[in-house]
2 protein chains.
Amino acid sequence: MSETTAGRRPRTDAARNRTHILDVAERYFTEHGVTGSLDALAKQAGVGAGTLYRHFPSRDALLAALLAARDNELVARRDAVRTAETDPAVALDGWLEALGTWATAFDGLPDPLRAAVTEQTSPLALTCQGYVTTTEEFLTAAQQAGRARSDVRGRDLFLAVLAISWVREAAMADAASPAGLGSLLRTGWATPPA
Amino acid sequence: MSETTAGRRPRTDAARNRTHILDVAERYFTEHGVTGSLDALAKQAGVGAGTLYRHFPSRDALLAALLAARDNELVARRDAVRTAETDPAVALDGWLEALGTWATAFDGLPDPLRAAVTEQTSPLALTCQGYVTTTEEFLTAAQQAGRARSDVRGRDLFLAVLAISWVREAAMADAASPAGLGSLLRTGWATPPA
DNA sequence: CGACCATACGGAGACACTCTCCGTCTTGTC
DNA sequence: GACAAGACGGAGAGTGTCTCCGTATGGTCG
């Protein structure tokens with residue numbers, strides 16, 4: 001019953017290679033960003049290009065596997081926010097910040113994530129879909145409490161977090177920008193007319 | 001006195017090629033986005049790759065030249081907003097919308113623009129710098145009228161417009177998203193606690 | 001008008017990256 | 001220990017960037 005879809009257990013050398021590639025990829029993408037050369041990554045892992053591509057047919061597949069390792073962490077933060085916060089607006093805020101951190105795990109990550117939101121064929125699409133749904137839940141709660149605008153939608157908010165994460169990478173040089181950009185999303189630039 | 005820096009007037013065939021390349025590039029980027037193949041663009045323009053790269057040493061240089069042709073339009077909108085609007089918040093809003101339209105002139109344009117904001121070596125950097133300054137002017141006016149939060153800065157607002165433009169390209173499928181994302185920047189998702 | 005030089009032109013080719021294909025080698029089983 | 005099933009590696013095809021240099025052209029001056 002441990003095998004719902006697969007035929008048989010993978011060969012041990014294959015399994016070892018797979019995890020080893022993931023280890024190296026984690027470091028490699030951290031250092032070079034998500035657009036780093038995959039052939040170079042394969043070489044660094046000491047495997048042939050064919051092996052890399054057999055395990056992970058595309059860059060997105062590799063990223064999805066890498067992000068899967070972070071799933072626990074993000075789900076944990078979701079639950080922590082959910083149970084600790086009574087104010088649904090603060091909860092939503094906490095969730096969005098967790099999302100922002102997740103989306104900047106590697107340099108350039110927001111790009112494939114954004115693409116995945118619209119192209120459901122990507123291995124990242126499933127991952128994103130889940131988090132869009134979570135965002136929707138937090139948002140709905142905040143809206144029902146009258147703490148969030150009712151014309152905002154979960155998917156847009158998720159995309160907006162990606163957008164801010166995307167631009168944050170460029171604004172790093174400026175120390176004050178990251179926080180400023182984040183709060184822009186919550187409050188906007190405008191002041192309500194007295 | 002018409003030549004402040006250059007030595008002599010360019011050869012006529014060179015000038016003709018330059019404008020012809022720009023014409024074709026305008027169409028080409030509109031159709032294929034800013035990441036389209038430059039060699040293919042050269043072929044479509046009926047010139048060798050060398051000619052293309054001599055006139056425009058990099059993709060950014062080509063984009064900068066293309067955007068320069070839109071300068072008049074954007075400056076006109078700036079002036080129109082400036083003179084027509086008495087409310088500085090509405091003026092800022094109008095300017096940001098003009099910027100957003102400008103930043104989506106071609107698919108994928110926000111990417112090089114964002115890079116140009118931080119890398120002052122890009123030919124696009126000068127262009128961006130000017131518009132950041134304009135954004136700052138509108139913002140300062142709105143702040144002095146108490147219509148914009150005082151902790152927001154011009155550069156961040158400019159970057160935020162790029163960010164929304166960036167994500168808007170992905171959200172196109174969903175009809176309501178573009179407008180929703182834009183207003184998010186002005187108002188934020190939060191409702192002030194009664 | 002013809003010659004001459006500065007300048008521009010074209011496209012072959014060096015280099016980088018992605019991804020596939022297939023001959024060879026390993027693993028696990030009988 | 002032998003035999004599939006499956007994994008491995010890396011050569012190579014396809015695509016894109018950008019440079020280099022032999023050739024062609026435009027503009028000028030005698």
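Chain A is the first sequence line, chain B the second, and so forth, proteins listed ahead of strands; every chain is numbered from 1. Side chains are part of it too, since the values below use all heavy atoms of this structure and drop only hydrogens, waters and symmetry mates.
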A:Arg11 CZ - D:dA7 P separation (whole Å): 6 Å
CG of B:Leu41 to NE2 of B:His32, rounded to nearest 0.5 Å, is 10.0 Å
Intermediate values then yes/no, side-chain contact (heavy atoms from CB on, under 4.5 Å), B:Thr135 and B:Leu99: CA-CA 9 Å; B:Thr135 306; B:Leu99 257 190; 3.5 Å; yes
As a quick check of understanding, evaluate side-chain contact (heavy atoms from CB on, under 4.5 Å) for B:Phe56 and B:Leu22, giving each step before the final call. CA-CA 10 Å; B:Phe56 307 102; B:Leu22 283 175; 3.7 Å; yes
Side chains of A:Leu96 and A:Leu157: does their closest heavy-atom pair fall under 4.5 Å? yes
Quick check against the 3.5 Å criterion: does B:Glu136 have a side-chain atom that pairs as donor or acceptor with the backbone of B:Arg153? no
Determine to 10° how strongly the helix from C:dC1-D:dG30 to C:dC30-D:dG1 is bent, judged from the axes of its five-pair ends. 10°
Going by atom types only, do B:Asp23 and B:Tyr28 share a side-chain donor-acceptor pair under 3.5 Å? no
What is the nucleic acid contact for B:Ala49, judged by heavy atoms within less than 4.0 Å: base, sugar-phosphate only, or nothing? base
Near-strand residues of residues 21-43 of chain B, defined as heavy-atom separation under 4.0 angstrom from DNA chain D: B:Gly36, B:Ser37, B:Leu38, B:Asp39
Name the nucleic acid region contacted by A:Thr12, choosing base, sugar-phosphate or nothing; use a 4.0 angstrom heavy-atom cut-off, strictly under. sugar-phosphate
Under the rule for ring pair (Phe, Tyr, Trp, His ring centres under 6.0 Å), what residues qualify as partners of A:Phe158, not counting sequence neighbours? none
N/O donor-acceptor pair under 3.5 Å between B:Glu85 side chain and B:Gly94 backbone: no
Euclidean distance, atom OH of residue A:Tyr53 to atom C1' of D:dA13 [Å, nearest integer]: 14 Å
Counting any heavy atom closer than 4.0 Å, what does A:Arg59 reach on the DNA or RNA strands: base, sugar-phosphate only, or nothing? sugar-phosphate
Reading DNA chain C 5' to 3', which nucleotide is the first, and which the last, to come under 4.0 Å of any heavy atom in chain B? C:dA6 to C:dG11
Heavy-atom closest contact (B:Ala190 atom, A:Arg149 atom, distance): O-CG, 4.3 Å
Euclidean distance, atom CG of residue A:Leu52 to atom P of D:dA7 [Å, nearest integer]: 15 Å
Do A:Arg114 and B:Trp166 form a cation-pi contact, if we require the NZ or CZ to be under 6.0 Å from the six-membered ring centre and within 45 degrees of the ring's axis? yes
A:Arg54 atom CZ is separated from D:dA7 atom P, nearest whole Å, by 7 Å
Do any of residues 119-128 of chain A sit with a heavy atom less than 4.0 Å from DNA chain C, and if so which? none
Are the charged groups of B:Arg70 and B:Glu26 less than 4.0 angstrom apart, N to O? yes
Once the angle between the rings of A:Phe138 and A:Trp95 is folded into 0 to 90°, is it parallel (under 30°), tilted (30 to 60°) or perpendicular (over 60°)? parallel
Donor-acceptor pairs under 3.5 Å, side chain of residues 72-84 of chain A to any protein atom, not counting sequence neighbours: which ones?
residue	atom	partner	partner atom	Å
A:Arg82	NH2	A:Glu137	OE1	2.6
A:Thr83	OG1	A:Asp79	O	3.0
A:Thr83	OG1	A:Ala80	O	3.3

Could you check B:Pro57 against A:His55 and say which one's nearest nucleotide on DNA chain D is further toward the 5' end? A:His55
